[in-house]
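If you read the sequence from its start, that first residue is 1, and numbering goes on from there.
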Amino acid sequence: MQNFFLVVSVFGLVLAVSLFTRKSVNKASAFFLGLFYTIFSIYTLQTYVIESGLLLEYSWFYVWPLPLYNLISVPIFFYFITLVKDKFVWHWIYLLVFIPFIIGIIDVINVYTKPQEFYDTIVSNAYLKPSERLKVRYGVLNINQHYAMRFLWQFLALISLLNMLVRFVRSLLKEKDKKLLVWVVSLYSLFLLMSILASIFALEKLFEVDFLRSTGPILRTVNFVFYIILFAIGIMPIYFPSILLGYPRRVKQKAIINQPIANGVELKFGLDVDRIENGLNALKDKGLFYEHDFSLNSCSKALEIPPHHLSYFLNQHRGVSFATYRNTLRIENAKKLITSGYLNKSTIEALAQQCGFANRSSFSKIFKKITHKNITQFASEVK
């Protein structure tokens, strides 16, 4: 079971790095989700250290993360707000979400301002008496009280978002955005279930009552469910990679290469029109569209977006497939080269290669399809 926490910690760290480094449309939602997975990763890594009996070897890795753990409800709360509203606007009422974090800072400062023996005793007791470690008081509260407060705050924060998320889910149902719908509902449900189970465990210890711990099978079942929730939260973004890109509802749409964007075009989750426009123009300037093996996957990788986002963009905003868009750019380049006298010194086969076509036959066929003229006819007119 110890290795389980290590695996989940690695997943969390990889996701956090992805969210912090991706060029996301919604910077705020990506930041808050990345912050959650950072805290999540540190928490599961410390659990691994404790459960594996490595606490004395890594004694420094014990007290200081407490404020971070108490901060767990903050990124969750702000992530859902920025996801729904597509922006972050600070309100003073949000300070209430930081109360566990502030109390955690006070208690950690209290520990580190005392003699070293006090810290060593806390670590030693946590190693020798793991069942008693949650009863240790750092200052204002003991560890179990911090634990209970942390997850109760998470539960209250999630409940406060319920009405807003219900309206958001209804809008997603109308837009038929199934992936985002499943992601939001699943993530919210997992967070809520995690906060409920963790709060029950904490309150049992706090008030010394038996509820879920009354029988062994119930305890094992609840523990198993809790671990599954942790694992699911860690790996869910693998199934929903587009959540790394944000949800741009306020993107200003512009005309693209003399073709205006139709009014009422549905925005897709993670689709930043301006960024894709600029990216395609940059790739065109670099001449990547004229490379033989430049495919939809190659282009989407260069733009750092999923392939289906690029296809959606071209279909909705250009009215063409990727192949048609690429071939149009290649033929435009061929026309420029012909006009500049390229065929005076080179063959049509060389021109085809220069523009990214595999052979003269495919080049001639596509050239005539787009220009309604064959190559020799166009070259003669140019002369």
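Annotation for Ile39 and Pro75: closest pair CD1-CG, 4.2 Å, computed over non-hydrogen atoms. Smallest separation of non-hydrogen atoms from Gly34 and Phe20: C-CZ, 3.4 Å. Nearest approach of Leu33 to Trp183, heavy atoms of both residues: CD2-CZ2, 4.0 Å. Closest non-hydrogen pair, Tyr79 versus Ser29, comes out as CD1-O, 3.3 Å. Between Thr82 and Ala28, the shortest heavy-atom distance links the atoms CG2-CB, 3.8 Å. Closest approach of Val49 and Phe61 over heavy atoms only: CG2-CD2, 4.1 Å.
Within the 3.5 Å criterion, the main-chain N or O of Ala157 finds a donor-acceptor partner in the side chain of Ser160. Panel note: side chain Thr121, backbone Glu117; a donor-acceptor pair is recorded below 3.5 Å. Although no hydrogens or angles enter the test, the distance criterion places a donor-acceptor pair under 3.5 Å between the side chain of Trp153 and the main chain of Leu96. Formation of a donor-acceptor pair under 3.5 Å by the Ser124 side chain with backbone atoms of Asp120 is not found in this model. A donor-acceptor contact shorter than 3.5 Å is absent between the side chain of Gln353 and the backbone of Asn359. Proximity of a side-chain donor or acceptor of Ser41 to a complementary backbone N or O of Gly12 within less than 3.5 Å is not detected. Asn70 contributes no side-chain N or O that, together with a main-chain N or O of Ile102, makes up a donor-acceptor pair within less than 3.5 Å. A donor-acceptor contact shorter than 3.5 Å is absent between the side chain of Asn144 and the backbone of Lys135. Looking at Arg330, its side chain does come within 3.5 Å of a backbone N or O of Gly356 through a donor-acceptor pair.
Aromatic pair Phe36/Phe32: centroids not less than 6.0 angstrom apart. Taking the six-membered ring wherever Trp is involved, the centroid distance between the rings of Tyr325 and Phe289 falls below 6.0 Å.
Using modelled atom types, one finds a donor on one side chain and an acceptor on the other under 3.5 Å when comparing Ser298 with Ser295. Residues His317 and Glu277 have side chains that never bring a donor and an acceptor to within less than 3.5 angstrom of each other.
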Test side-chain contact (heavy atoms from CB on, under 4.5 Å) applied to Thr324 and Ser321, step by step:
CA-CA 5 Å; Thr324 301; Ser321 66; 3.1 Å; yes

Residues Phe11, Tyr37; criterion ring-ring contact (aromatic ring centres under 6.0 Å, His included); working and verdict:
CA-CA 9 Å; Phe11 266 123; Tyr37 280 112; over 10 Å; no

side-chain contact (heavy atoms from CB on, under 4.5 Å), that's the test. Do Arg326 and Leu329 meet it? Break it down for me.
CA-CA 5 Å; Arg326 179 191 59 194; Leu329 292 179; 5.9 Å; no

From CA spacing to verdict: ring-ring contact (aromatic ring centres under 6.0 Å, His included), Phe151, Tyr147
CA-CA 7 Å; Phe151 287 104; Tyr147 187 83; 5.0 Å; yes

Going through the distances and angles, do Leu280 and Cys299 end up as a side-chain contact (heavy atoms from CB on, under 4.5 Å)?
CA-CA 8 Å; Leu280 289 174; Cys299 188; 3.9 Å; yes

Audit row: Phe363, Phe357, ring-ring contact (aromatic ring centres under 6.0 Å, His included) steps and yes/no:
CA-CA 6 Å; Phe363 174 44; Phe357 292 98; 5.1 Å; yes

Test side-chain contact (heavy atoms from CB on, under 4.5 Å) applied to Phe101 and Val74, step by step
CA-CA 9 Å; Phe101 172 69; Val74 173; 5.6 Å; no

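Under the 4.5 Å side-chain criterion, counting only non-hydrogen atoms from C-beta, Tyr43 is not in contact with Leu68. Phe294 has its side chain within reach of Leu283: a pair of non-hydrogen atoms, C-beta onward, lies under 4.5 Å apart. Inter-residue side-chain proximity for Glu381 and Gln377 is flagged as met; some heavy-atom pair is nearer than 4.5 Å. In this structure the side chain of Ser300 never reaches within 4.5 angstrom of the side chain of Phe322, judged on heavy atoms. Inter-residue side-chain proximity for Leu162 and Leu158 is flagged as unmet; no heavy-atom pair is nearer than 4.5 Å. Annotation: side chain of Phe168 is in contact with side chain of Leu83 (closest heavy-atom distance under 4.5 Å). The side-chain heavy atoms of Asn315 and Val320, taken from C-beta on, include no pair separated by under 4.5 Å. For the pair Leu296 and Ser311, the minimum side-chain heavy-atom distance is below 4.5 Å.
Taken to the nearest 0.5 Å, the CD1 atom of Ile81 stands 5.5 Å off from the CG atom of Leu161. Going from atom CG of Leu66 over to atom CD1 of Ile103 covers 10.5 Å, rounded to the nearest 0.5 Å. Between the OG atom in Ser380 and the NZ atom in Lys373 there is a gap of 10.5 Å [rounded to 0.5 Å]. Taking CG of Asn333 as the reference point, atom CG of Leu351 lies at 8.0 Å (rounded to 0.5 Å). The distance from the CD1 atom of Ile50 to the CG atom of Leu55 is 5.5 Å, given to the nearest 0.5 Å. Rounding to the nearest 0.5 Å places CD1 of Ile105 at 13.5 Å from CG of Asn110.
In terms of hydrophobic clustering, with Ile, Leu, Val, Met, Phe, Trp and Tyr side chains grouped at heavy-atom distances under 4.5 Å, Leu15 and Ile42 are assigned to a common cluster. Note: the hydrophobic cluster containing Leu187 also contains Leu181 (ILVMFWY, side chain heavy atoms under 4.5 Å, direct or indirect links). Under a hydrophobic clustering in which Ile, Leu, Val, Met, Phe, Trp and Tyr are joined whenever their side-chain heavy atoms come within less than 4.5 Å, directly or via other members, Leu35 and Trp90 fall into the same cluster.
Pairs of residues two or more places apart, or lying in two chains, that qualify as salt bridge (Lys or Arg N to Asp or Glu O under 4.0 Å) and include a residue from residues 353-364 are Glu349-Arg360. Pairs passing the side chain to side chain donor-acceptor pair (under 3.5 Å) check and including a residue from residues 51-69, sequence neighbours excluded, read Gln46-Tyr69. A ring pair (Phe, Tyr, Trp, His ring centres under 6.0 Å) check over residues 108-127, counting only residues at least two apart or in different chains, returns the pairs Tyr112-Tyr119.
Around CD1 of Ile93, the count of heavy atoms belonging to other residues, nucleotides or ligands within 6.0 Å does not exceed 12. Annotation for Arg170: atom CZ does not count as buried by contact number, only 12 or fewer foreign heavy atoms lying within 6.0 Å.
For the ring pair (Phe, Tyr, Trp, His ring centres under 6.0 Å) criterion with Phe77, the lone passing option out of Phe191, Tyr94, Tyr188 is Tyr94.
With sequence neighbours left out, the ring pair (Phe, Tyr, Trp, His ring centres under 6.0 Å) criterion links Phe378 to Phe367. For Ala358, the side chain to side chain contact (heavy atoms under 4.5 Å, CB included) test picks out no residue, with sequence neighbours left out.
Relative ring orientation between Phe78 and Phe98 is described as tilted, the plane-to-plane angle lying within the 30° to 60° band.
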Side-chain atoms of residues 336-344: list all donor-acceptor pairs with protein atoms under 3.5 Å, sequence neighbours left out, distances to 0.1 Å.
from	atom 1	to	atom 2	distance (Å)
Thr339	OG1	Lys335	O	2.7
Ser340	OG	Lys336	O	3.3
Ser340	OG	Leu337	O	2.8

